[in-house]
Structure formats: C-alpha cells, structure tokens
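See structure below.
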2 protein chains.
Amino acid sequence: MIDDLNRMTDTKQKILDTAERLFGEQGYAATSLRQVIAAAEVNVAAVHYHFGSKEDLLDAVVTRKAGPVTVARMERLDRLEAETKPVDVERVLEAFLLPTAEMAEHHPTFVRLMGRMLTEGMMPRIVEKHFQESAMRFIAALMRALPHLGREELMWRVHFMIGAMAHTLTGQPVMHMVDASTDFPTRVRRLVKFLGAAFRAPAEEKN
Amino acid sequence: MIDDLNRMTDTKQKILDTAERLFGEQGYAATSLRQVIAAAEVNVAAVHYHFGSKEDLLDAVVTRKAGPVTVARMERLDRLEAETKPVDVERVLEAFLLPTAEMAEHHPTFVRLMGRMLTEGMMPRIVEKHFQESAMRFIAALMRALPHLGREELMWRVHFMIGAMAHTLTGQPVMHMVDASTDFPTRVRRLVKFLGAAFRAPAEEKN
DNA sequence: GTCTATACTGAGATAGAC
DNA sequence: GTCTATCTCAGTATAGAC
C-alpha cells in the first residue's frame, strides 16, 4: 500500500519536477511532452494517464507550489496592515515580492516558471486561477498606500511592475546585461527600491 | 519582369506580414508555420523556399522593420546630447521608447513582436543582432545622466525596464488589469514617468 | 490502478517534379 | 518560383498487459 503510493507519486513527481524545470527554462510552448518524458525517464502515455493533457500538466505543476506563495503574501499583507497606517509602498512591494525570493531558495525552477507564465501570455486561465486572489489583495493594499493615484494610473503601474518582476524571475538577461547567477534576494531588494520610487512618482496632471 | 517581381514580393510579403502578426499575437514557439502559410494563403514549401527555416523567417520579419526604430533612437539620442548637459533621465527614456510608440501607429503588430522577442527568451541571437547597437548607446546615455549609479546597479535597472517595456509592448494585460486598447503613446507616456522616478531612486548604501 | 505498445494527426524540414 | 510527396518528431488517444 505504501509501496504503491510511493511508486505512484514517484512517476507523477518525476514528471512534475521535470516539467516544472523544462517549462521554466525553455517556455511552455517550446517544450515538448516528449522532452519531458525522456528527461523524466517515463513512458509517453504516462503524462496523459496522470494529468490528461499538456495544459493540465502545467496546471498540476503550478497547483503543487503556488499555494504557499499566496499564503505567505497574504500573511505579510495582513501583518503589515495590522501594524500602522499609512502603509509604506516598499513594504507592500516586499510583501508581494519577498515570498518569491524565499521560494527561489529551495525551488528556483518554480520561480522561473512563475515568471514565464506571466510573460509568455499562454494559459491566462491558469495564471488567474492561482494568482488572482493575492494580486487583487496586493492591489488593494497599494491603493491604500498611494491614495493620490487614480485607479487607472495605479493599474498601469502594476502592469509595468509585473513586467519587470516577471522578467527578473525568469532569470534570462537580455543581451548579457546582468549577472545571471545573482541570487534572488539581491534581485528583489534592488527591484523593490526601483519599483518603490516608480510607484511614488507623482500622478499625471491631466489624467 | 515587373510582374514577376511583383508576384515574388507578393508571396514573400504576405508571408512576412502574416508571420509578424501571428508571432506577435501568439508567440514564436506557439505559432506553427502551417498556421502562417494557411493565413497567408501560400503553399507549405513557400516559407522554406523564400526564407530557409522558421528562425530565418523571424529574422527576416525583424530585419524588415527594426532599422528605422534603431535610426530614430540614435537620432533622438544625438540631438539630446548635442543640446545641454546634464541630460535629463526622462528625455533619455523617451529617446528609447518614443520611436516604438511612433512605430506602433502604423505597424502595431511589429511592436507587439518586439515585446515578445524580449520576453519569450527565444532567439537571443536575433535580438542582439538587431537591438544591441541602440541598446548599448542608450545605456551609455543613461550612465551619463545618472553618474551616481554604479554600473551593476544601472544594468539591473535597465533589466527591470526592459521587462516593463516588453510587457507593455506585447499589449497582453495579465488578469484584465489594464485597458488593452490603450494607445501606445499613452502607454509610453505613463511608462516614462514611472521609469524616470525609478531610475532616479538613490543607489543602495552598501553596493 | 499503473504502465506499455501502438497508432493517428499535425508540426518543421527536404527533395524533386513541373 | 511553385507544388507534391515524404521524412521525422510533436501532442494525443486507446487497448490491453501487469
């Protein structure tokens, strides 16, 4: 019974681990299931038996690890808002970004995949399903920290931030500009400073 | 003779136009050549006859329109640096970003593709080939505008900026946060304000 | 319940007829 | 310069062995 469970989770887990890594490194569309099953050393049909389809496999990969990030984000936001107001923008940004840096310590391949999912634009349903809750909560906290910004202006700034964040998480420097081996806490520290100043920029006169 | 030339460029151009659009909308890896040839209403072998491979097709698509953007960026930077120093950061950012907004007016599909190329992480050679020159020039101008920043800090900020820019150019809002129909000049205006404040953030104490 | 063998369709790529 | 045929590998589906 325990052996059965172990064997089952063994195959499933090998597929999940390999898919997480390859989807993150190469992108979802650019990664073939046959690459995955070859690297995981399992049979072609195993993916469809355990997960159903390529898209469902991605969903399973994300489901496995997205929860803790969301929980950590929520907890940080809760603690932050329980303390004092006005809340500082950079603390809100940290509440959103530091959980990914912590996750990156033990699960760097998953963090890379998180970045990919935001930029590759594929599977919008999966992104929404797993990250919309904490994102909405984060936006609400930002609104309270930046009451002078209109909703549209704030949303655009969050949009810019997601681009910067995703590009940083994927760890793929364009044109060798940055050191690809820089650890994630350092990246996030720099990013928070950068975005903090950006969010505090005065709103436009007209809009 | 003229008819022959017209027919030739007709087929090539139909393929280039269609590939530019589909690569930009769906991503490079997610777009099959068979989608391209079906939408362009040409034969399967036409792509390989005219361009050689899928990657070479992408290169041809970029080659066709990247030049004017680079030229416009260079000219703006030249004019800017000929005027006065110290140069304002936001003017440097505009020199880099406004040419894409102008390009977007008549070639929105190409601008979307430019964004995709930066985030999808595929074809790093093609990105370098077409955009490294103006990027290096732009970084040099930024360094002069922000002499207090160390090289590494500046490079990371440029990295963040490229993420924000790419995500904005692709026009794919994550989780319906922003209005996807917002015109590019407006996006760029907001982005320049956002990034201007971000680049002017004080450098870290230790690094 | 789990895994394997096999087959079907559609992808990128190439060779050769016209 | 164009089209057909064909090759290999992709994602997917199913039947049946263990």
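Every chain is numbered from 1, with letters handed out A, B, ... down the list of sequences. Side chains included, hydrogens not; waters and symmetry mates left out as well; all remaining heavy atoms used.
The distance between atom CG of A/Leu58 and atom C1' of D/dG11, rounded to the nearest whole Å, is 15 Å. In this structure, the CG atom of A/Asp10 is 16 Å from the C1' atom of C/dG1, given to the nearest Å. Spacing between atom CD1 of A/Ile15 and atom P of D/dG11 amounts to 13 Å, rounded to whole angstrom units. Put simply, CD1 on A/Ile37 is 16 Å from P on D/dA13, counting in whole angstrom units. Atom NZ of B/Lys12 is separated from atom P of D/dT2 by 10 Å (rounded to the nearest Å).
With sequence neighbours excluded, the residues that form a ring-ring contact (aromatic ring centres under 6.0 Å, His included) with A/His167 are B/His159. Remark: B/Arg91 pairs with B/Leu80, B/Asp88, B/Glu94 by the side-chain contact (heavy atoms from CB on, under 4.5 Å) rule, at least two apart or across chains. Every salt bridge (Lys or Arg N to Asp or Glu O under 4.0 Å) that B/Arg157 has, sequence neighbours left out, goes to B/Glu153.
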Checklist line | Annotated protein contacts, base or backbone, on nucleotides 4-18 of chain C with a non-hydrogen cut-off under 4.0 Å, one of B, S, - each | finding: BB-----BBBB----
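In terms of phosphate contacts, A/His50 brings no side-chain nitrogen or oxygen within less than 4.0 Å of OP1 or OP2 of C/dG1. The side chain of B/Thr11 contributes an N or O atom lying less than 4.0 Å from OP1 or OP2 of D/dT2.
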Give the table of side-chain donor-acceptor pairs shorter than 3.5 Å for residues 194-201 of chain B, with sequence neighbours excluded, one pair per line with atom names and distance.
{"residue": "B/Arg200", "atom": "NH2", "partner": "B/Glu90", "partner atom": "OE2", "Å": "3.0"}

Return a table of donor-acceptor pairs under 3.5 angstrom between the side chains of residues 103-112 of chain A and protein atoms on other chains or two or more places apart.
{"residue": "A/His107", "atom": "ND1", "partner": "A/Lys65", "partner atom": "NZ", "Å": "3.0"}
{"residue": "A/Thr109", "atom": "OG1", "partner": "A/Glu20", "partner atom": "OE2", "Å": "2.5"}

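A/Pro99 and A/Arg73 make their closest contact through CG-CG, 3.8 Å (heavy atoms, listed as atom of the first residue, atom of the second, distance).
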